[in-house]
Amino acid sequence: MKETSNPKSQQLEHSITENDNQALTTNQGLKINNNQDSLKSGERGPSLLEDFILREKITHFDHERIPERIVHARGSGAHGTFRLNKSLKKYTKAKFLSEEGKETPVFVRFSTVAGSAGSTDLARDVRGFAIKFYTEEGNYDLVGNNIPVFFIQDAIKFPDLIHAVKPEPDNAIPQAASAHDTFWDFISLMPESMHMIMWAMSDRAIPRSYRMMEGFGVHTFKFINEEGKMHFVKFHFKPKLGVHSVAWDEATKISGKDSDFHRRDLWEAIENGAFPEWDFGVQIIPEEDEHKFDFDLLDPTKLIPEEEVPVELVGTLTLNRNPDNFFAETEQIAFHPGHLVPGIDFTNDPLLQGRLFSYTDTQLSRLGSPNFHEIPINRSINTVHNNQRDGHMRQQIVKGKVSYEPNTIGGGCPFQAMMKDGGFTSQEERVDGQKIRARSQSFVDHYSQAKLFYNSQSDPEKKHLQNALIFELSKVTIPAIRERVVGQLAFINNDLASLVAKKVGVNVTKLKQPNGSIPADADPKTLQSPEKEPSTKSSDPLSMSNTIKNTIKSRVIGFIMENGVNAKDVNTLKSKLEKEGAVVQIIAGSLAPVTADDGTIFEPKHSLTSTASVCFDALYLCSGKKSSESLLNEDNKPGTLLFVNEAYKHCKAIYFGNETDDIYKASNVSSKKHQDPAIITVENKNADESFIKAIANHRVWELEMERNNPA
């Protein structure tokens, strides 16, 4: 019988469509000469409103989905407060940042970017970190992410980026995943994305919880003080619980066991009084130091290393109240980077400039009205006074016949506010340049910070990043795309590129890159870029191995037990853990009440089959011979050992209580006795305290390669 070839293996790199051999055009049929750069006043100048190509492209993109958000569709939010601990009056006249001790109400929304509202919380993805400050001067929105940089440098490429990462339009596959042809095809042709790719393929993209991830403003903004003096500023939020992640194997299993894992975690932490907190920090750069760095402050694909400009911690963000109604609050909240207060202003970052148009346009589509600001969650705490009237879903009732300005019939009201009375004024900045569609040469270095990030990772973090790239590229069906990505990686680290190339079946050939903006008629395969000497610089704050590891607050500990469990040992350890702020949840063979050795009744929250070790931060195999024997009977043994072995595989703390030797010996842990500081037995001195310390350390990632059983 003649062998049938696999159509997938014969797939062509180039997919023939009605666009074949056709020039790129606008929706009006106008041929586009440059689809890489928005129109600016000079290479580093602000984007211009007259850029009809940018506006047409983003307008179409903003209105492609209704009513779900196009990006950041899956999210969770909470109310809270922001407290200023140290005045920034020296740098900004923003009142909520000027008075030490001042508290400002906030609403914070966390989200994934690529997936739909029904996708899993544990997708490998960037996480949104958006904050609405309800200040006395009006609403201020800081619309950031949990990663300090972004994929692209210019907003005109944002629709392309999202189209590439979204499910492919011919079959709507895959959901909430970047491991497919179109995403990596785009990335392989966009060297500016490589720094962000290092972050996205790292464990930062699979956080343990929203409460354990950093927040960043991404862009460089401006602070302006009462004297009109300007400073550049980068915004940071550092979680007081530390920055922690899960393993990729865990992420995939959590998605099956509890796709609402992050949403549930945030809700339950707040309900239990374990209010999430972040330290708010700023990196301040004097105006005169704008050009002192070896990168451009306006480039959103770059960060400022904390060794060069330390983060000054000046405030505390606390979330202390869950929404009363998810749709009315979390779903209807409308963020916009253009919602400012006096003392904060934009820079000419071309990605930020495009966002200023896009967000209003998106809200008009998603919320269906120019009056989205009147939805309760979006309302300013100030009364709104202006001459805008009517429109769909108008709620504010304004008396009188005046709806214009200037006027005399209304007594000239409402009137323009003087600057001294809090009237907003944009910073006066000289703009002098050719009207041009191009990119500054200061944006050209795409690899130095990607190297910096990779060099800064611990060995386990590097291993996880390598495995992520191998997994993602293994899902790419077109070999030429895999080869181009590896060609990009070769500019970051030769060993990384070689390892990935070997695993995905391609050769390492450095991809030639453009020396500057990409010409509209350029062939990406023939563009040339100078190589720089390999960098060995590193930055400690870029590695999660250096994060906070001194608290177990809100960590979820699974107590595995059966009838005959030792009630005294259980209650003693439970009290110690809860005193430190941890949450104890009982797991048994079924949901039937468990009777302890002294007659105490414990009510299980989970059974061995209704949950999994991936949903817990640590495990305690409860003391008691009868309990231990029951956990190893025919019905319970598979589930018990799966819990223990999987937790061990994922480098978690496991405490074997008194008379649980049989479980210990039957597990994969027994051959590594005393080699793993997170494995606690009753033989350990101060075993309870050792268990608490092991939980605080999060994981023992360093041992996973020694086990030859990577997470």
Could you walk me through whether His72 and Val113 pass the side-chain contact (heavy atoms from CB on, under 4.5 Å) test, one step at a time? CA-CA 4 Å; His72 298 277; Val113 173; 3.3 Å; yes
Assess whether side-chain contact (heavy atoms from CB on, under 4.5 Å) is satisfied between Val506 and Val485, documenting all intermediate values. CA-CA 10 Å; Val506 298; Val485 175; over 6 Å; no
What's the verdict on side-chain contact (heavy atoms from CB on, under 4.5 Å) for His79 and Glu329, showing C-alpha distance, side-chain angles and the deciding distance? CA-CA 10 Å; His79 297 270; Glu329 297 171 274; 2.5 Å; yes
Between Glu268 and Val583, is the side-chain contact (heavy atoms from CB on, under 4.5 Å) condition met? List the steps. CA-CA 10 Å; Glu268 291 183 348; Val583 176; over 6 Å; no
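Between Arg74 and the options Thr120, Thr112, Asp260, a side chain to side chain donor-acceptor pair (under 3.5 Å) holds for only Asp260.
Taking the six-membered ring for Trp, Phe216 and His236 have ring centres closer than 6.0 Å. With ring centers used as reference points, Trp267 lies 6.0 Å or more from Phe326. For an aromatic pair to be called close, the ring centres must be under 6.0 Å apart, and Phe616 with His606 satisfies this.
For the pair Glu580 and Arg555, the salt-bridge criterion is not met [side-chain N within less than 4.0 Å of a carboxylate O]. Ionic pairing of Arg211 and Asp265 is present here: one or more N-O contacts between side-chain nitrogen and carboxylate oxygen are shorter than 4.0 angstrom. Taking 4.0 Å as the cut-off between side-chain N and carboxylate O, Glu704 and Lys649 do not count as a salt-bridged pair. Using a 4.0 Å cut-off between charged nitrogen and carboxylate oxygen, Glu629 and Lys625 count as a salt-bridge pair. Taking a cutoff of 4.0 Å between a charged side-chain nitrogen and a carboxylate oxygen, Lys238 and Glu306 qualify as a salt bridge. At a threshold of 4.0 Å, the pair Glu646-Lys253 counts as salt-bridged, since one of the basic side-chain nitrogens sits closer than that to a carboxylate oxygen. Between Asp617 and Lys652 there is no salt bridge, since no side-chain nitrogen of the basic residue lies less than 4.0 Å from a carboxylate oxygen of the acidic one.
Two residues are said to be in side-chain contact when any heavy atoms from C-beta on lie closer than 4.5 Å; Pro276 and Trp278 meet this criterion. Within the 4.5 Å cutoff, the side chain of Arg204 has no heavy atoms near those of the Val126 side chain. Under the 4.5 Å side-chain criterion, counting only non-hydrogen atoms from C-beta, Trp701 is not in contact with Ser545. Two residues are said to be in side-chain contact when any heavy atoms from C-beta on lie closer than 4.5 Å; Ser630 and Asn563 fail this criterion. Residues Pro593 and Glu603 meet the side-chain proximity criterion, which asks for heavy atoms closer than 4.5 Å. Within the 4.5 Å cutoff, the side chain of Ile206 has no heavy atoms near those of the Glu250 side chain.
In this structure, Arg263 contributes its side chain and Gly75 its backbone to a donor-acceptor pair below 3.5 Å. At least one donor-acceptor pair closer than 3.5 Å links the side chain of Thr252 to the backbone N or O of Asp249. For Arg127 (side chain) and Ala205 (main-chain N/O), a donor-acceptor pair under 3.5 Å exists by modelled atom type.
Under 3.5 Å, the side chains of Glu307 and Ser539 contain a donor-acceptor pair of N or O atoms. In summary, the side chains of Thr681 and Asn684 do present a donor paired with an acceptor at a separation below 3.5 Å, with no hydrogens or angles considered. Checking Asn272 against Ser554 by side-chain atom types alone, no donor-acceptor pair falls below 3.5 Å. With no hydrogens or angles considered, no side-chain donor-acceptor pair links Ser623 and Asn566 at under 3.5 Å. Side chains of Ser178 and Glu472: a donor on one and an acceptor on the other come within 3.5 Å. For the residue pair Asn320 and Thr318, no side-chain donor N or O sits within less than 3.5 Å of a side-chain acceptor on the partner. Using a 3.5 Å distance cut-off with no hydrogens or angles, the side chains of Gln457 and Ser202 do not pair a donor with an acceptor.
In this structure, the separation between CD1 on Ile557 and CD1 on Ile695 is 3.5 Å, given to the nearest 0.5 Å. Ser456 contributes atom OG, which lies 9.5 Å from atom NZ of Lys537 (distance to the nearest 0.5 angstrom). Taking OG of Ser610 as the reference point, atom CG of Asp258 lies at 11.0 Å (rounded to 0.5 Å). Going from atom OG of Ser613 over to atom CG of Asn645 covers 9.0 Å, rounded to the nearest 0.5 Å.
For Asn146 against Phe129, the heavy-atom pair with the smallest separation is N-CB, 4.4 Å. In this structure, Leu452 and Pro305 approach most closely via the heavy-atom pair CD2-CG, 4.0 Å.
Using bins of under 30°, 30° to 60° and over 60° for the plane-to-plane angle, the ring pair Tyr210/Phe110 lands in the parallel bin. In this pair, Phe691 and Tyr620 present their aromatic rings tilted. The plane angle is within the 30 to 60° band. Ring geometry for Phe183 against Phe151 counts as perpendicular: the plane angle is over 60°, on a 0 to 90° scale with 30° as the lower cut.
Residue Lys549 qualifies as enclosed at atom NZ: its count of foreign heavy atoms under 6.0 Å is above 12. Counting heavy atoms of neighbouring residues, nucleotides and ligands inside a 6.0 Å radius, atom NZ of Lys693 does not exceed 12 of them. For NZ of Lys637, the number of neighbouring non-hydrogen atoms (other residues, nucleotides, ligands) closer than 6.0 Å is 12 at most. Within 6.0 Å of NZ in Lys576 there are more than 12 heavy atoms belonging to other residues, nucleotides or ligands.
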